[in-house]
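First comes the structure, then the notes that go with it.
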Amino acid sequence: MPAPEKGQAFYMMNNPRRKFIKMGAMLSVGSAFMPLQFCSPAKKEESVALETSEEAKSKLESFGIQLYSVKDEMAADAKATMTALAGFGYSQFEGFDGGKGVLWGMKPAEFKSLTTDLGVKMVASHANVFENLDTQAEEAKEAGLEYLICPWIGAQKTIDEYKIMAEKFNQAGETLKSHGLKFAYHNHDYTFEMLEGVLPQDVLMDNTDPALVDFEMDMYWVYVAGVNPAEYLAKYPRRFKLCHLKDAESDQGNGEERGVLFGSGEIPFEGIVKDSKSLGMEYFIIEQERFVNTTPMEAAEKNAAYLKNTFVY
């Protein structure tokens with residue numbers, strides 16, 4: 001994608017190709033059961049324990065979609081696109097600035113009325129949090145959003161620059177808190193690649209105030225950078241409140257372009273989702289940016305169907 005420009009979405013991923021480190025096997029959920037004592041009727045408590053392992057599994061009660069997944073459709077007709085997505089089963093939306101503002105040219109009251117009518121919560125929007133933040137915050141609050149999220153800062157040249165960025169996050173978080181909103185930062189792979197012997201993401205985590213700054217983990221970018229998402233979530237419990245569920249095919253030598261339909265890739269999401277919920281994750285947002293033999297809207301529908309009918313953790 002081209003480099004970010006003012007007024008455009010900040011989802012630009014034009015980093016050079018790099019060798020990805022394949023992560024090891026993730027934690028899995030297992031169950032062990034005591035054998036029945038022959039000739040002894042099972043007690044009520046025992047019958048519960050003897051249920052299949054499926055009983056220990058759950059499905060996501062609610063999930064959302066990052067509207068950038070259908071960016072062209074949003075640009076053509078935002079209301080119709082959001083209506084269709086709600087019909088697919090998405091109960092949460094996460095927006096972005098596609099050139100018409102994070103509310104797609106609608107007034108805050110109009111936008112909130114639309115999402116209310118659709119039965120959808122507009123959880124957050126990716127936005128340029130370094131310009132006109134007070135104005136954006138006022139509109140976002142009136143429209144019913146909970147978060148404004150910084151989606152891109154670019155790879156910094158030094159660790160000191162990441163420390164400066166962390167302080168900017170604190171300042172943005174303070175501003176948003178004054179408006180009754182929350183701030184979060186969405187990672188790409190560059191913060192999960194060592195710099196000066198340090199992981200930049202650690203610097204952002206350690207130098208931001210948990211009362212002001214939350215984080216959104218893009219599972220895909222953590223994974224392709226060679227880091228275990230579940231292990232990193234455990235390292236900083238309750239700091240990641242949102243995540244992007246974005247699957248990756250095995251590395252075919254095509255660099256970063258590995259996105260596929262959710263559930264058809266190699267990222268072991270079952271264990272990650274289970275662990276993340278126990279560590280404070282609240283919002284699970286589907287995102288897809290690469291489409292092979294499908295269209296963005298078809299992919300959105302298939303991803304929703306998979307989460308509703310197939311995915312368990």
Side-chain angles (χ1 to χ4, degrees), residues 1-2 8-14 59-100 102 104-106 111 114-115 117-126 151 186 188 216-221 223-224 242-252 254-270 272-273 283-313:
M1 298 180 183
Q8 293 182 335
F10 287 74
Y11 264 74
M12 307 305 149
M13 302 177 294
N14 57 342
K59 289 188 177 183
L60 288 175
E61 295 179 0
S62 58
F63 52 86
I65 184 170
Q66 164 53 250
L67 297 175
Y68 189 78
S69 304
V70 289
K71 61 184 185 299
D72 292 337
E73 290 77 7
M74 285 293 295
D77 192 331
K79 291 182 179 180
T81 301
M82 294 166 70
T83 300
L85 293 172
F88 295 161
Y90 294 103
S91 59
Q92 300 159 354
F93 290 160
E94 181 182 83
F96 70 102
D97 186 345
K100 300 178 182 178
V102 301
W104 292 89
M106 292 177 244
F111 193 91
L114 173 63
T115 55
D117 290 345
L118 293 176
V120 172
K121 178 180 180 179
M122 189 70 178
V123 174
S125 183
H126 287 197
H186 161 277
H188 282 78
E216 177 177 59
M217 177 179 280
D218 190 306
M219 304 286 190
Y220 174 94
W221 288 117
Y223 178 82
V224 300
L242 316 92
C243 69
H244 280 179
L245 300 177
K246 181 164 54 178
D247 217 340
E249 67 181 358
S250 59
D251 192 354
Q252 306 294 321
N254 53 351
E256 296 170 345
E257 297 298 322
R258 295 167 59 187
V260 290
L261 288 170
F262 188 76
S264 66
E266 65 177 12
I267 302 180
F269 280 105
E270 292 85 354
I272 299 174
V273 169
Y283 296 111
F284 297 85
I285 311 294
I286 279 284
E287 183 181 42
Q288 188 168 342
E289 299 171 278
R290 173 176 176 259
F291 306 94
V292 179
N293 299 322
T294 188
T295 67
M297 288 299 286
E298 288 173 348
E301 184 173 15
K302 290 176 181 177
N303 287 332
Y306 182 83
L307 283 172
K308 286 190 298 183
N309 303 319
T310 308
F311 180 72
V312 294
Y313 65 90

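Fair warning: this is a prediction, and the values are worked out from it, not measured in the lab.
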Would you say Met219 and Phe284 make side-chain contact, with heavy atoms under 4.5 Å? no

In Å and rounded to the nearest 0.5 Å, what is the CG to CZ distance from Leu261 to Arg290? 10.5 Å

Heavy-atom pair of closest approach, residues Ala300 and Leu85: CB-CD2, 3.8 Å

Would a 4.5 Å heavy-atom cut-off, applied to side chains only, mark Val260 and Val292 as touching? no

How many angstroms lie between atom CD1 of Ile286 and atom CG of Leu245, to the nearest 0.5 angstrom? 5.0 Å

Main-chain N/O of Glu289 paired to Lys71 side chain as donor or acceptor, under 3.5 Å: no

Kindly say whether Ala248 contributes a backbone atom to a donor-acceptor pair with the side chain of Arg258 at under 3.5 angstrom? no

Minimal heavy-atom distance between Pro151 and His126, with the atoms involved, is CB-ND1, 3.1 Å

For Asn293, look at atom CG and say whether over 12 heavy atoms of other residues, nucleotides or ligands are found less than 6.0 Å away. no

So OG of Ser125 and CZ of Phe96: to nearest 0.5 Å the spacing works out to 8.5 Å

Decide side-chain contact (heavy atoms from CB on, under 4.5 Å) for Thr81 and Leu67; before the verdict, give the C-alpha distance in whole Å, the side-chain angles of both, and the deciding distance to 0.1 Å. CA-CA 9 Å; Thr81 301; Leu67 297 175; 5.8 Å; no

Please confirm whether the backbone N or O of Lys308 pairs with a side-chain atom of Lys59, one donor and one acceptor, at under 3.5 Å? yes

Could you grab the distance from atom NZ of Lys246 to atom CE of Met217, nearest 0.5 Å is fine? 13.0 Å

For the residue pair Ala75 and Lys100, what are the closest heavy atoms and their distance? O-NZ, 3.2 Å

Any side-chain heavy atom of Tyr90 within less than 4.5 Å of one from Val120? no

Once the angle between the rings of His188 and Trp221 is folded into 0 to 90°, is it parallel (under 30°), tilted (30 to 60°) or perpendicular (over 60°)? tilted

With a 4.5 Å heavy-atom cut-off, do Val123 and Glu94 have their side chains touching? no

Show the nearest heavy-atom pair for residues Val70 and Met297, with the distance to one decimal. CG1-SD, 3.5 Å

For the residue pair Ala304 and Phe63, what are the closest heavy atoms and their distance? O-CZ, 3.7 Å

Considering non-hydrogen atoms only, spot the tightest contact between Val312 and Glu270 and give its length. O-CG, 3.0 Å

From CD (Glu287) to CG (Asn303), nearest 0.5 Å: 11.0 Å

Check the orientation of His186 and His244. Use parallel for under 30°, tilted for 30 to 60°, and perpendicular for over 60°. tilted

Inter-residue atom distance Leu242.CG - Gln66.CD, 0.5 Å rounding: 11.0 Å

For the residue pair Tyr306 and Phe311, categorise the inter-ring angle as parallel (less than 30°), tilted (30 to 60°) or perpendicular (more than 60°). tilted

Close side-chain approach of Leu60 to Tyr313, heavy-atom, < 4.5 Å: yes

Verify the distance criterion only: is there a donor paired with an acceptor across the side chains of Tyr223 and Glu266 at less than 3.5 Å? yes

